Amino acid sequence: MRTVNAIAAPSATEPLVRTTIERRDLGPRDVLIEIRYAGICHSDIHTVRGEWGPISYPQTVGHEIVGAVTEVGAEVARHAVGDRVGVGCMVNSCRECVNCQAGQEQYCLAGNTGTYTAVDRDGTITQGGYSTHIVVDEDFVLRVPESIPYEKAAPLLCAGITTYSPLSHWKAGPGSKVAVVGLGGLGHMAVKIAAAMGAEVTVLSQTLGKKDDGLAFGARHYYATGDPDTFEKLKNTFDLIVNTVSAPVDMGAYLSLLRLDGTLVAVGAPPEPLPVQVFALFGNRRSFAGSSIGGIAETQEMLDFCAEHGIAPEVEVIDGDAVNEAYERVLKSDVRYRFVIDIDSIR
Ligand code: NAP
Ligand code: ZN
Ligand code: ZN
């Protein structure tokens, strides 16, 4: 075991504080990563505040992790000391169920092992990336392309894959009209990726305050959802709507914007239900779907896609001591467009 510096939530209601946590000794297939940057995902906030259900404290979160390999177990074949690597939202799965066999480890029927708050194989609770080091099974470690700077690579491990996966599954591309609801961490990556895939992208944001940014990220159109005319104007328009909003919004209003056989995919994860009237689905034979992160192979594909297309998140790098302030700004939708913690600040 090694003791490493970290930032943890002592409870659901107190600010995060500096602390130390334990990392296990390397098993034969484990990789030790010296973490350089960790992104702040809105899921970190839902989790530490107990919004998705009770968790045990103290808890270190963070599942947008990048750094360098500093040690490998005896049987490690995929990674070597010095490699630039990343870890996303899961660190293990059963590997045997039909979904794992299909490369969809995020949908492991036994439940994937989350990077934080999950019960690890040794019975301990997994602790996330707001820390200086992490030990991870090599199969759940991704290669970070040389052309993507570390701090910009971090958010790809959750915000990137969570938007790439549904865009790819529902075939965003030339000729398709895609709307992205909410221009935050996930939303801005959805815009960049969908545009790179060749889709005609529209941003649906609460106000027009970030319009210039949205258009610069590759959107062709930008509308304020606070303006009721928006929903009238855009009726029956989109093939795919990706909803990244962290709070409950009126699904019926967004479903009405889908054209024939269109799909509204929920990736935003408010704790409250999102009620739907079936009649909103009957018209245009619409679908209401959900999507959770992405598989390991698909995450590698997304990293390589972003490198190839020169896409990277917009990040604001902060010191570890600024995490609580960053959380407050995320909650106010005052994020441009992902906070990333410089882990050297807690080393
Ligand atoms: P974020 O950076 O806070 O972005 C959310 C955006 O939603 C905000 O920027 C804002 O966009 C909009 N918004 C916030 N509150 C709103 C409200 N009350 N009404 C309407 N719009 C509102 O969060 P994120 O990190 O992108 O995460 C977004 C959600 O996805 C979270 O719930 C997170 O837990 C979830 N998530 C799910 C997965 C998955 O696997 N499915 C993975 C990662 C995250 P505008 O200012 O443009 O309106
Ligand atoms: Zn996340
Ligand atoms: Zn499985």
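As a basis for the values below, the full set of heavy atoms in this structure was taken, side chains included, without hydrogen atoms, waters or symmetry mates. Atoms within each ligand, like the ligands themselves, are counted from 1 in listed order. Here, residue 1 is the first one in the sequence, and each next residue gets the next number. Being a predicted model, the structure only gives us computed values, none of them experimental.
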Colleague: Which of the atoms of ligand 1 are close to Ala247, meaning less than 4.0 Å from one of its heavy atoms?
Modeller: 17 (C), 18 (N)
Colleague: Please determine whether ring-ring contact (aromatic ring centres under 6.0 Å, His included) holds for the pair Phe217 and Tyr337, giving the CA-CA distance in whole Å, both sets of side-chain angles, and the decisive distance to 0.1 Å.
Modeller: CA-CA 11 Å; Phe217 300 156; Tyr337 282 83; 5.1 Å; yes
Colleague: Can you find a non-hydrogen atom of Ser292 under 4.0 Å from ligand 1?
Modeller: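 Ser292: in contact with ligand 1 (<4.0 Å).
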Colleague: Starting from atom 40 (O) of ligand 1, find the nearest protein heavy-atom neighbour and note its residue, name and distance.
Modeller: Ile293 N, 2.9 Å
Colleague: Which one of Gly290, Ser246, Gly226 has a non-hydrogen atom at the shortest distance from atom 15 (N) of ligand 1?
Modeller: Ser246
Colleague: Would you tell me which option among Asp334, Thr244, Val249 has the nearest heavy-atom contact to atom 29 (C) of ligand 1?
Modeller: Thr244
Colleague: Could you tell me how the ring of His42 sits relative to the ring of His46: parallel (under 30°), tilted (30 to 60°) or perpendicular (over 60°)?
Modeller: tilted
Colleague: Of Ser333, Ala269, Ser291, which has the heavy atom at the shortest distance from atom 41 (N) of ligand 1?
Modeller: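 The nearest heavy atom belongs to Ser291.
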Colleague: Heavy atoms only: which of Met189, Gln206, Glu64, Lys210 lies closest to atom 13 (N) of ligand 1?
Modeller: Gln206
Colleague: Specify whether Tyr116 and His63 have parallel, tilted or perpendicular ring planes, treating 30° as the upper limit for parallel and 60° as the lower limit for perpendicular.
Modeller: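 Correct class here is parallel.
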Colleague: Identify, for atom 39 (C) of ligand 1, the protein heavy atom at the shortest distance, and state residue, atom and that distance.
Modeller: Thr162 CG2, 3.4 Å
Colleague: May I ask you to establish whether Lys211 and Tyr222 are in a cation-pi arrangement, using a distance under 6.0 Å from NZ or CZ to the six-membered ring centre and at most 45° from the ring axis?
Modeller: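 Not flagged: Lys211 not positioned over aromatic ring of Tyr222.
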Colleague: Answer yes or no: is there a side-chain heavy-atom contact under 4.5 Å between Arg84 and Glu146?
Modeller: yes
Colleague: Before signing off on this row, confirm whether Val267 and ligand 1 have an N or O atom pair separated by under 3.5 Å.
Modeller: yes
Colleague: Applying side-chain contact (heavy atoms from CB on, under 4.5 Å) between Phe238 and each of Leu257, Thr263, Val201, report the one that passes.
Modeller: Leu257
Colleague: Which residue and atom name correspond to the protein heavy atom nearest atom 9 (O) of ligand 1, and how close is it?
Modeller: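 Nearest neighbour among protein heavy atoms for atom 9 (O) of ligand 1, to 0.1 Å: Gly184 CA, 3.3 Å.
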Colleague: Would you check if Arg121 and Arg24 make a side-chain contact, meaning some heavy-atom pair closer than 4.5 Å?
Modeller: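 A side-chain contact under 4.5 Å exists here.
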Colleague: Give me the residue, atom name and distance of the protein heavy atom closest to atom 2 (O) of ligand 1.
Modeller: Gly185 N, 2.9 Å
Colleague: To the closest 0.5 Å, what do you measure between CG (Leu240) and CG (Asp261)?
Modeller: 12.5 Å
Colleague: Is there side-chain contact between Met90 and Glu105, with heavy atoms separated by less than 4.5 Å?
Modeller: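 When only atoms from C-beta onward are counted, Glu105 and Met90 do touch, with a gap below 4.5 Å.
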Colleague: Measuring from atom 34 (O) of ligand 1, which candidate in Pro166, Cys41, Ser43 has the nearest non-hydrogen atom?
Modeller: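 It is Ser43 that holds the nearest heavy atom.
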Colleague: Closer than 4.0 angstrom: is that true for some heavy atom of Gln106 and an atom of ligand 1?
Modeller: no
Colleague: So which heavy atom in the protein is nearest atom 43 (C) of ligand 1, and how far is it from that ligand atom?
Modeller: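 Of every protein heavy atom, Cys158 SG, 3.2 Å lies nearest to atom 43 (C) of ligand 1.
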Colleague: Should Tyr254 and Thr225 count as side-chain neighbours, where that means a heavy-atom distance under 4.5 Å?
Modeller: yes
Colleague: Of all the non-hydrogen atoms in the protein, which one sits nearest to atom 30 (O) of ligand 1, and at what distance?
Modeller: Gly268 CA, 3.3 Å
Colleague: Starting from atom 26 (O) of ligand 1, which protein heavy atom do you reach first, and at what distance in Å?
Modeller: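 Looking at atom 26 (O) of ligand 1, the protein heavy atom closest to it is Leu186 N, 2.8 Å.
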Colleague: May I ask which of Arg329, Arg336, His46, Arg338 has a heavy atom nearer to atom 32 (O) of ligand 1 than the others do?
Modeller: His46
Colleague: Pick from Asp139, Asn112, Val141, Leu142: which one makes a side-chain contact (heavy atoms from CB on, under 4.5 Å) with Ile296?
Modeller: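 Filter result, single survivor: Leu142.
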Colleague: Find all atoms of ligand 1 within a distance of less than 4.0 Å from any non-hydrogen atom belonging to Ser205, and give their numbers and elements.
Modeller: 45 (P), 46 (O), 47 (O), 48 (O)
Colleague: For atom 7 (O) of ligand 1, what's the nearest protein heavy atom and its distance?
Modeller: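 Here the nearest protein heavy atom works out to Val245 CA, 3.6 Å.
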Colleague: Is there a nitrogen or oxygen of Leu183 sitting under 3.5 Å from a nitrogen or oxygen of ligand 1?
Modeller: yes
Colleague: Taking only non-hydrogen atoms of Trp52, do any sit less than 4.0 angstrom from ligand 1?
Modeller: yes
Colleague: Once rounded to 10 degrees, what value does the angle at the Zn ion (ligand 2) take between NE2 (His63) and SG (Cys158)?
Modeller: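 It is 110°, given to the nearest 10°.
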Colleague: I'd like to know if Arg143 pairs up with Asp83 as an ion pair, taking the criterion as any Lys NZ or Arg NE/NH1/NH2 lying under 4.0 Å from an Asp or Glu carboxylate oxygen.
Modeller: no
Colleague: Does Arg95, at its CZ atom, have more than 12 non-hydrogen atoms belonging to other residues, nucleotides or ligands within less than 6.0 Å?
Modeller: yes
Colleague: What atoms in ligand 1 come closer than 4.0 Å to a heavy atom of His42?
Modeller: 1 (P), 3 (O), 23 (O), 24 (P), 25 (O), 27 (O), 31 (C)
